[in-house]
Asks: 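Supplied in structure tokens, the structure appears directly below.
Please read these numbers as outputs of a predicted model, since none were measured by experiment. Any value given below was found using the heavy atoms of this structure, including those in side chains, with hydrogens, waters and symmetry copies removed. Chain identifiers are assigned alphabetically (A, B, ...) following the order of the sequence lines, protein sequences preceding nucleic acid strands; residue numbering begins at 1 within each chain.
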Protein chains: 2
Amino acid sequence: MVETRPYHHGDLRSALLTAALEVLEEGGVAALSLRGTAARAGVSHAAPKHHFGNRKGLVTAIATIGYSRFAATMAEECARSAQNPLGQVRAINRGYVKFALQNKAIFRLMFSRDHYDQDNLELAQAACRAFTLLEETSRSVARALGVVEADAWRDIANLIWTTVHGYAHLLIDGRLVNRETGEPEPIPDIGRLLFEGFSGTGRKAG
Amino acid sequence: MVETRPYHHGDLRSALLTAALEVLEEGGVAALSLRGTAARAGVSHAAPKHHFGNRKGLVTAIATIGYSRFAATMAEECARSAQNPLGQVRAINRGYVKFALQNKAIFRLMFSRDHYDQDNLELAQAACRAFTLLEETSRSVARALGVVEADAWRDIANLIWTTVHGYAHLLIDGRLVNRETGEPEPIPDIGRLLFEGFSGTGRKAG
DNA sequence: GACAAATTTTTACGCCGTAAAGATTGCCAT
DNA sequence: ATGGCAATCTTTACGGCGTAAAAATTTGTC
């Protein structure tokens with residue numbers, strides 16, 4: 001008897017997604033093709049069309065998965081860290097960078113407009129969950145700093161987001177490496193900067 | 001008599017580059033193809049091969065142009081601004097964001113590893129010129145702040161670069177827009193934060 | 001069992017990157 | 001001036017990709 005798989009796969013959509021995630025991490029966004037993922041999943045090259053419509057649909061689904069995992073990574077760090085504003089800011093930073101480092105291709109994809117459909121509902125919800133974590137931490141920081149302006153937390157959120165995102169983005173592009181040591185530069189401690197100002201640098205005196 | 005252009009173009013390389021820049025700004029990195037730029041320049045589809053080798057070579061040349069203009073934009077802002085550390089930090093920030101906003105596609109391209117050859121000599125030189133501006137400003141900030149550690153300027157440079165890059169990247173991806181007003185959020189004033197701490201937010205009290 | 005809907009395959013077209021060979025021109029030594 | 005070499009551009013060719021339409025197969029429903 002020949003082991004012949006049925007005409008209908010049963011769960012082709014998720015099979016295509018896991019195949020696509022593999023392709024993505026191996027070859028980057030450029031390698032993420034409908035035909036390639038179909039081939040890896042062992043189906044015909046036009047099979048993905050029914051589930052994702054076109055390439056952008058596939059990429060959108062991948063980005064949605066990315067945002068979910070992104071939020072989960074940051075939430076984990078927050079849960080296991082000190083439950084005070086400084087601890088939470090640092091946790092957000094760690095989670096943000098950790099996800100970017102461990103999922104370079106998908107992280108780049110998530111922050112490349114035009115690659116996917118930003119108006120997609122599921123995607124927008126997943127992204128919102130991720131950024132809500134950052135917003136709430138910023139609100140607690142604002143309270144702890146005692147600033148009185150009603151939406152000062154926005155400035156704090158922008159500062160934190162901007163810094164950690166710039167760091168993550170530059171880091172995974174191989175920019176922030178010390179030319180002498182070859183080590184990556186540490187992430188600016190925006191939490192301490194907010195709470196203590198730029199008093200010490202943390203470096204050993206030369 | 002028929003107006004027939006010569007077999008040898010004379011300056012095809014630069015003609016291809018200007019065509020490629022047009023294609024890039026119109027359709028983003030994805031639209032930047034060898035055949036497309038060749039068609040726009042009015043030559044055969046294989047003509048670019050001799051000048052750039054392959055697609056990556058073309059993208060590398062484009063990125064090199066980008067870094068040159070990037071450095072020029074920041075240098076202009078520095079020249080026309082207050083010649084003190086705070087003024088120069090703000091000038092770098094303005095130039096960085098201005099270039100990103102006015103050259104979204106090429107900015108994204110410049111900061112997408114894998115799209116081009118980062119080991120290319122001319123490109124590395126152009127990029128170095130750009131980032132040297134940022135480094136020197138950071139050194140002057142370190143002196144002005146009176147920090148004693150020998151390489152504390154690195155932390156300052158990382159903070160400035162990280163912040164402005166994150167801001168520019170998020171901004172051109174349409175992230176930093178206030179949901180109520182629709183206006184883009186202002187860039188965090190990292191200069192003031194360094195020199196004055198997070199005392200005021202700059203927002204009106206609510 | 002008949003019929004409609006969902007799912008997958010087959011076929012087809014045009015664009016793209018790349019390689020190799022051919023055509024045309026510029027250059028340089030003689 | 002001229003023969004030949006190197007540079008530059010075109011033609012031809014191949015496979016991969018996205019997309020669309022039609023055909024094939026299975027599932028569900030009455």
Asks: Atom NE2 of A:His115 and atom P of D:dG18: how far apart are they, to the nearest Å?
Replies: 13 Å

Asks: Go through D:dC9, C:dA12, C:dT8 for me and flag the one nearest to the A:Arg35 side chain.
Replies: C:dA12

Asks: Polar pairs (N or O, both sides) under 3.5 Å between protein and nucleotides 19-21 of chain C?
Replies:
| residue | atom | partner | partner atom | Å |
| --- | --- | --- | --- | --- |
| C:dA19 | OP2 | B:Lys49 | NZ | 3.0 |

Asks: Per the side-chain hydrogen bond (donor to acceptor under 3.5 Å, both in side chains) rule, what does the pair list look like for residues 28-39 of chain B, sequence neighbours excluded?
Replies: none

Asks: Please work out if A:Arg55 contacts a base, only the sugar-phosphate, or nothing of the nucleic acid, heavy-atom cut-off 4.0 Å.
Replies: sugar-phosphate

Asks: Please list every donor-acceptor pair under 3.5 Å in which a side-chain atom of residues 63-72 of chain A meets a protein atom from a residue at least two apart or in another chain.
Replies:
| residue | atom | partner | partner atom | Å |
| --- | --- | --- | --- | --- |
| A:Thr64 | OG1 | A:Thr60 | O | 2.9 |
| A:Tyr67 | OH | A:Met110 | O | 2.9 |
| A:Tyr67 | OH | A:Tyr116 | OH | 3.3 |
| A:Tyr67 | OH | B:Arg175 | NH1 | 3.2 |
| A:Tyr67 | OH | B:Arg175 | NH2 | 2.9 |
| A:Ser68 | OG | A:Thr64 | O | 3.3 |

Asks: Send over the distance from A:Lys56 NZ to D:dT19 P, rounded to a whole Å.
Replies: 10 Å

Asks: Can you measure B:Asp11 atom CG to D:dT8 atom C1' for me and round it to whole angstrom units?
Replies: 13 Å

Asks: Quick one: side-chain hydrogen bond (donor to acceptor under 3.5 Å, both in side chains) partners of B:Glu26, sequence neighbours excluded?
Replies: B:Arg40

Asks: Could you check whether B:Arg154 pairs with B:Glu149 (Lys NZ or Arg NE/NH1/NH2 to Asp/Glu carboxylate O, under 4.0 Å)?
Replies: no

Asks: Hey, could you give me each pair passing salt bridge (charged side-chain N to carboxylate O under 4.0 Å, His left out) that has a residue in residues 104-125 of chain B? Not counting sequence neighbours.
Replies: B:Arg108-B:Asp173

Asks: Tell me whether the side-chain N/O atoms of B:Ser33 come closer than 4.0 Å to OP1 or OP2 in C:dC16.
Replies: yes

Asks: For residues 133-145 of chain A, which side-chain donor-acceptor pairs fall under 3.5 Å, sequence neighbours excluded?
Replies:
| residue | atom | partner | partner atom | Å |
| --- | --- | --- | --- | --- |
| A:Thr137 | OG1 | A:Leu133 | O | 3.0 |
| A:Ser138 | OG | A:Leu134 | O | 2.9 |
| A:Ser140 | OG | A:Thr137 | O | 2.8 |

